[in-house]
Structure formats: C-alpha cells, structure tokens
Amino acid sequence: MKSKRSLSSVACTSPVPPFVPGEPCTPDHGSDCHGTPRQSPEDVDVSLRITAQLEERLVARPIARIPFVVCAAPAYLDRAGRPVSPEDLRHYACLVLRYPTDGRFLPWGFVRDGVQFDAPVKVALISDDIDVLAQMAVNGGGIARLASFVAGPLIDKQALVPLFAEDCCHGAHAVPEPMQVYACVTDRQAFTSKVRAFVSHLEGCLADAGMAG
C-alpha cells in the first residue's frame, strides 16, 4: 500500500498490523514527502490519496474525512491579535502547505451555512512538509491549518490554540473544510476480495479514530 507519509502515520501504523500479522505497511517513502504516490499495477495494490491527487485513470473509493484545525501559538496571538472570522486571515501571517508536484497551495477551505468558501490568506511561509508548518506554528511563526491528528496533541499540550470556535460576525459558525481521503486502484478488476477486505478494515479503523468517510 502507498500513501502520503503524513497520512500513513495515522492510516497504517495501527490498522494494518492486526489485519496482516507480520506484514507491516510500507508507505511510499520513495516519493516526495507530501507528493502524489506513484502507483502502477506491478508494485502496489491500493494507494491512499486526497482529492487533489486523484487521476482519471484510477478508480477511487472515499474512505475517510479528516477534520482540519486552524490554530496558532499563544505567543503569536498575544503579539498579532486573534482573527475573529476566516475572512480576517488576509491580515495575519499564514503558514501554507503546497503540493510539491506542481507548486499549488492547499486552499484554506471553510464551510458556513452549508456553503463552502476558500479564505483569503496572507502567506508568510510555504512548505511541503506539514510537520515543518506545525513546528513553525508552535514557535510563534503564524497561523497554520493542520490535520486534526497533527494539531490535536499540540493543542492538548497548549502549544497551539484552535481558532474560530466562535464566529459571530457573520451570524453563523464557519468550520474548516475536512479533507476527503480515497482508496485508489488502477481499475475495477483491481478491487479484489483481498483489497476490498483491507479497505473495509481501514474504513472501520479510521471511523473509530473520528475520521469516518
């Protein structure tokens, strides 16, 4: 199985060993850290991809939705102030993830009253490594948009503070748009009984972790 490395840390380390004893998951450590996994029929049964990584030639099955958290260190908020709504992010230093394959930024999507929108951001730092962005946020470098499994432990330690828990300026609460994750195979015939059993097991594990698709 291949996946983005940050996603594989959640999707593979716990679910895979009980499913295939003695055969540990092998994420695609040969690709860019957060790039698109390279998939070919010869070397992989299934890959995990996000929406931006989907390709027309692949068959994709949604299996999880990963919550995101917009957050910053207390020291940064003391220095720069606290944004009240996502629209205020244009005035704050934002730590932005880019796709290494084509240089695009990962949009900072939000949903308010059932309507999706991308918040304007003032880019202070760009990286293709989510762990670098998380550490920069902890060090007071700005505001980051992190997957919940990255942000959660840092929030629990009070190293980061979640933002927009209350968004009263627009009469409704805006929440970060979750990231859809897909299990991908090369064609429909590749959804063998082995692959279907594995994907079903993975879905259950991710659902137990609060990331049901």
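We count residues from 1, following the sequence as given.
Taking OG of Ser127 as the start and CD of Gln135 as the end, the distance is 12.0 Å to the nearest 0.5 Å. The distance from the CZ atom of Arg82 to the CD1 atom of Ile143 is 9.5 Å, given to the nearest 0.5 Å. In this structure, Lys157 NZ and Leu154 CG are separated by 6.0 Å, a value rounded to the nearest 0.5 Å. The distance from atom SG of Cys184 to atom CZ of Arg61, rounded to the nearest 0.5 Å, is 12.0 Å. Interatomic distance, Asp88 CG to Lys122 NZ, rounded to the nearest 0.5 Å: 13.0 Å. One finds the CG atom of Leu106 at 12.0 Å from the CG atom of Asp128 (value rounded to the nearest 0.5 Å).
Two residues are said to be in side-chain contact when any heavy atoms from C-beta on lie closer than 4.5 Å; Leu89 and Cys94 meet this criterion. In this structure, Met179 and Arg65 have side chains that are not in contact, with every pair of non-hydrogen atoms separated by 4.5 Å or more. A heavy-atom distance below 4.5 Å is found between the side chains of Leu146 and Cys71. Using a 4.5 Å cut-off on side-chain heavy atoms (C-beta onward), Phe191 and Val59 make contact. Contact annotation: the side chain of Leu133 approaches that of Leu97 to within less than 4.5 Å [non-hydrogen atoms, C-beta and beyond]. Using a 4.5 Å heavy-atom cutoff, the side chains of Ile63 and Leu202 are in contact. Between Asp45 and Val185, every side-chain heavy-atom pair lies at or beyond the 4.5 Å cut-off.
Remark: side-chain polar atoms of Asp113 are not paired, donor with acceptor, to backbone N or O of Val115 under 3.5 angstrom. Although no hydrogens or angles enter the test, the distance criterion places no donor-acceptor pair under 3.5 Å between the side chain of Asn139 and the main chain of Gly141. Without hydrogens or angle criteria, Arg49 side chain to Ala60 main chain gives no donor-acceptor distance under 3.5 Å. Counting only distance, with no hydrogens or angles, the side chain of Gln180 and the backbone of Pro62 share no donor-acceptor pair below 3.5 Å.
Hydrophobic cluster membership is shared by Val121 and Val70, with clusters built from Ile, Leu, Val, Met, Phe, Trp and Tyr side chains linked at under 4.5 angstrom. Both Val123 and Leu163 are part of a single hydrophobic cluster, where members link through side-chain heavy atoms under 4.5 Å apart. Val150 and Val175 fall into different hydrophobic clusters, where Ile, Leu, Val, Met, Phe, Trp and Tyr are joined by side-chain heavy atoms under 4.5 Å apart, directly or via other members. Criterion: ILVMFWY side-chain heavy atoms under 4.5 Å apart, direct or through other members. Under it, Leu48 and Val195 are part of a common hydrophobic cluster. Follow the hydrophobic side-chain contacts under 4.5 Å out from Ile126 and you reach Trp108 in the same cluster.
Scanning both residues, Ala137 and Ala73, for their nearest heavy atoms gives O-CB, 3.2 Å. Residues Ala124 and Ala93 come closest through the heavy atom pair CB-CB, 3.5 Å. The minimum heavy-atom distance between Gly109 and Asp118, with the atom names listed, is CA-OD1, 3.5 Å.
A cation-pi arrangement, defined by a distance under 6.0 Å to the six-membered ring centre and an angle within 45 degrees of its axis, is present between Arg145 and Phe68.
In this structure, Arg112 pairs ionically with Glu87, as a charged nitrogen and a carboxylate oxygen lie closer than 4.0 Å.
With sequence neighbours excluded, the residues that form a ring-ring contact (aromatic ring centres under 6.0 Å, His included) with Phe110 are Phe117, Phe164.
Summarising the local packing, CD of Gln158 is surrounded by 12 or fewer heavy atoms from other residues, nucleotides or ligands at distances under 6.0 Å.
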